[in-house]
Protein chains: 2
Amino acid sequence: MCLPLGLHAVDMTLLESVVKRKETYKRGQLLFRAGDRFDFIYAIRSGSVKTSVSTLDGRVQITGFHIAGELLGLSALASGQYSNEARALETTSVCRVEAERLDELAQKIPSLQYQMMKIMSGQIRQDEELMLLLGRRTAEERLAEYLLGLSMRFAARNYSPTQFRLTMSRGDIGNYLGIAEETVCRILTRFQNAGLIATKRRDVSLIDLRQLAAVARMAPAA
Amino acid sequence: MCLPLGLHAVDMTLLESVVKRKETYKRGQLLFRAGDRFDFIYAIRSGSVKTSVSTLDGRVQITGFHIAGELLGLSALASGQYSNEARALETTSVCRVEAERLDELAQKIPSLQYQMMKIMSGQIRQDEELMLLLGRRTAEERLAEYLLGLSMRFAARNYSPTQFRLTMSRGDIGNYLGIAEETVCRILTRFQNAGLIATKRRDVSLIDLRQLAAVARMAPAA
DNA sequence: AGCAATGCTTGATATAGATCAAAATATATC
DNA sequence: GATATATTTTGATCTATATCAAGCATTGCT
């Protein structure tokens, strides 16, 4: 099933009725753009997606990388328009829930709204973390934290937390972390020389999680 | 009334029953801290509040300044604990809604949950903007945008959009914008010399909104 | 298979803004 | 009302990271 919302089985069939199944996007394809009318909430089934916002003069800030089980489009609820754009990083399969039916549906399934609020609350918390990162951390800390964050998300989905493939480019990572592409490369090299990680292009192994956490100045990734 | 949620009159009386009225905080007092059990949603009646998150080693990032009509504590919903801390910048009066009664209440007033979702959705959007600011803008742009943002919020509340008092210190502003306190001062001086603003300590007048918007690289503040 | 396009890496140089230091002004305290 | 404390401002110097530049590796395309 598509939406990891912890609903009762009864509610599920109701929900199924508004979920349009299995849209697929190829690498580079847009799911939606900023300013588009709010049509759907998206849930990622497989693959990965980046979301971004931009200034009028064209500078872009990537605001998140999203993998299986995560929801997209929530910030459109307030205004009826998407505020960000979402683009597939690889072949990606999603479910979509029609926005219009969402109100109507929420009346019937109170727990749905509650779950969605929880998800949005979690999103706000995550955004606060990213602000802390962008405003207060050094480039090394950012990258170490980034790798550990990915690691934990993969772990939560029963993928290897120490070996994974980055679906985003160095440029995307740098943009997301507020540092230059070249700085990303240099620091990855530094980490590699220090024996913290091994990289080969987009494949990464985390070798010394404890020391990586020390660099990130976080608690060790339990 | 305290909560600007656009509810029906019928619902209002219900809501009143869970709203504890009129708590007041003095400058510097804490409303809640990160890690505290999630007790209340706060709505600001008057005054102003800063919210912040911190790293384990004590670095702080201010994530917002909040004025009358705004809600605090929403990000605690997901985990049952506040993720940030909130501190009064001046004498501040708030209403509090008990978190426990919120679930129960939401069942009775479907539109309440919907309104709260809209507010949270708006918060996510605002956070995205701040990320864009922290990740991609120069110090001058940040400060110009900051002043214009305040201006718009005051305008929306029928206060003067061109003359207001900053309730936060230069240090707070710098922290929020991800720049040093000294840089805030220098740039304010630069703006003043260029005839964009006038400052006297915490009192600010915006003189040339159009040019300020040009510096911020935003659309003119309609 | 071979070529083009894209993405990654490393090096050299430049700079925005941080940090350090200290004076000037305002606010709080007794 | 005087002294102490905190905030703001300005100046001098330093540094982390950006930018510019060029070569290398990989992937995709015909």
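Since we're looking at a predicted model, the values are computed, not measured. Labels below follow one simple rule: chain letters A, B, ... track the order of the sequence lines, proteins then strands, and each chain is numbered from 1.
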Taking any heavy-atom pair under 4.0 Å as a contact, classify [X]: base, sugar-phosphate, or nothing.
{"X": "A/I179", "value": "sugar-phosphate"}
{"X": "B/G178", "value": "sugar-phosphate"}
{"X": "B/R201", "value": "base"}
{"X": "A/R186", "value": "base"}

Inset, instruction - Kindly indicate whether the side chain of A/E182 and the base of D/dC20 share any N or O donor-acceptor pair separated by less than 3.5 Å? - result: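 Indeed, a donor on one side and an acceptor on the other fall under 3.5 Å apart.
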Measuring from the side chain of [X] (C-beta onward, heavy atoms only), which nucleotide among [options] has the closest atom?
{"X": "A/C185", "options": "C/dT10, D/dT9, D/dT17", "value": "C/dT10"}
{"X": "B/T199", "options": "D/dT17, C/dG17, D/dT9", "value": "D/dT9"}
{"X": "B/R170", "options": "C/dC8, D/dT9, C/dG17", "value": "D/dT9"}
{"X": "B/A180", "options": "C/dA18, D/dT7, C/dT9", "value": "C/dA18"}

Inset, instruction - Give a yes/no answer on whether the side chain of B/T138 brings an N or O atom under 4.0 Å of OP1 or OP2 in C/dA16. - result: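 For B/T138, the contact criterion (side-chain N or O under 4.0 Å from OP1 or OP2 of C/dA16) is not met.
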Inset, instruction - Compare side-chain N and O positions of B/T183 against OP1 and OP2 of C/dG17 and report whether any pair is under 4.0 Å apart. - result: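 Indeed not, no polar side-chain atom of B/T183 lies that close.
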Starting at [atom1] of [X] and ending at [atom2] of [N], how long is that distance when rounded to a whole Å?
{"X": "A/D203", "N": "C/dC8", "atom1": "CG", "atom2": "P", "answer": "12 Å"}
{"X": "A/L89", "N": "D/dT27", "atom1": "CG", "atom2": "P", "answer": "17 Å"}
{"X": "A/R190", "N": "D/dT17", "atom1": "CZ", "atom2": "C1'", "answer": "10 Å"}
{"X": "A/N175", "N": "D/dT17", "atom1": "CG", "atom2": "C1'", "answer": "16 Å"}
{"X": "A/L177", "N": "D/dA16", "atom1": "CG", "atom2": "C1'", "answer": "16 Å"}
{"X": "A/Q192", "N": "C/dT10", "atom1": "CD", "atom2": "P", "answer": "8 Å"}
{"X": "B/R27", "N": "D/dT7", "atom1": "CZ", "atom2": "P", "answer": "7 Å"}
{"X": "B/K200", "N": "C/dA24", "atom1": "NZ", "atom2": "C1'", "answer": "14 Å"}

Legend entry - B/E128: which of A/T51, A/L130, A/T63 passes side chain to side chain contact (heavy atoms under 4.5 Å, CB included):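 That would be A/T63; it is the only one of A/T51, A/L130, A/T63 passing the side chain to side chain contact (heavy atoms under 4.5 Å, CB included) with B/E128.
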Inset, instruction - Decide, yes or no, whether a salt bridge links B/E85 with B/R87 under the criterion of side-chain N to carboxylate O below 4.0 Å. - result: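 Result for this pair is yes, salt bridge flagged.
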With no hydrogens and no angle check, is any side-chain donor or acceptor of [X] less than 3.5 Å from a backbone partner on [Y]?
{"X": "B/R96", "Y": "B/E23", "answer": "no"}
{"X": "B/E90", "Y": "B/S48", "answer": "yes"}
{"X": "A/Q192", "Y": "A/T199", "answer": "yes"}

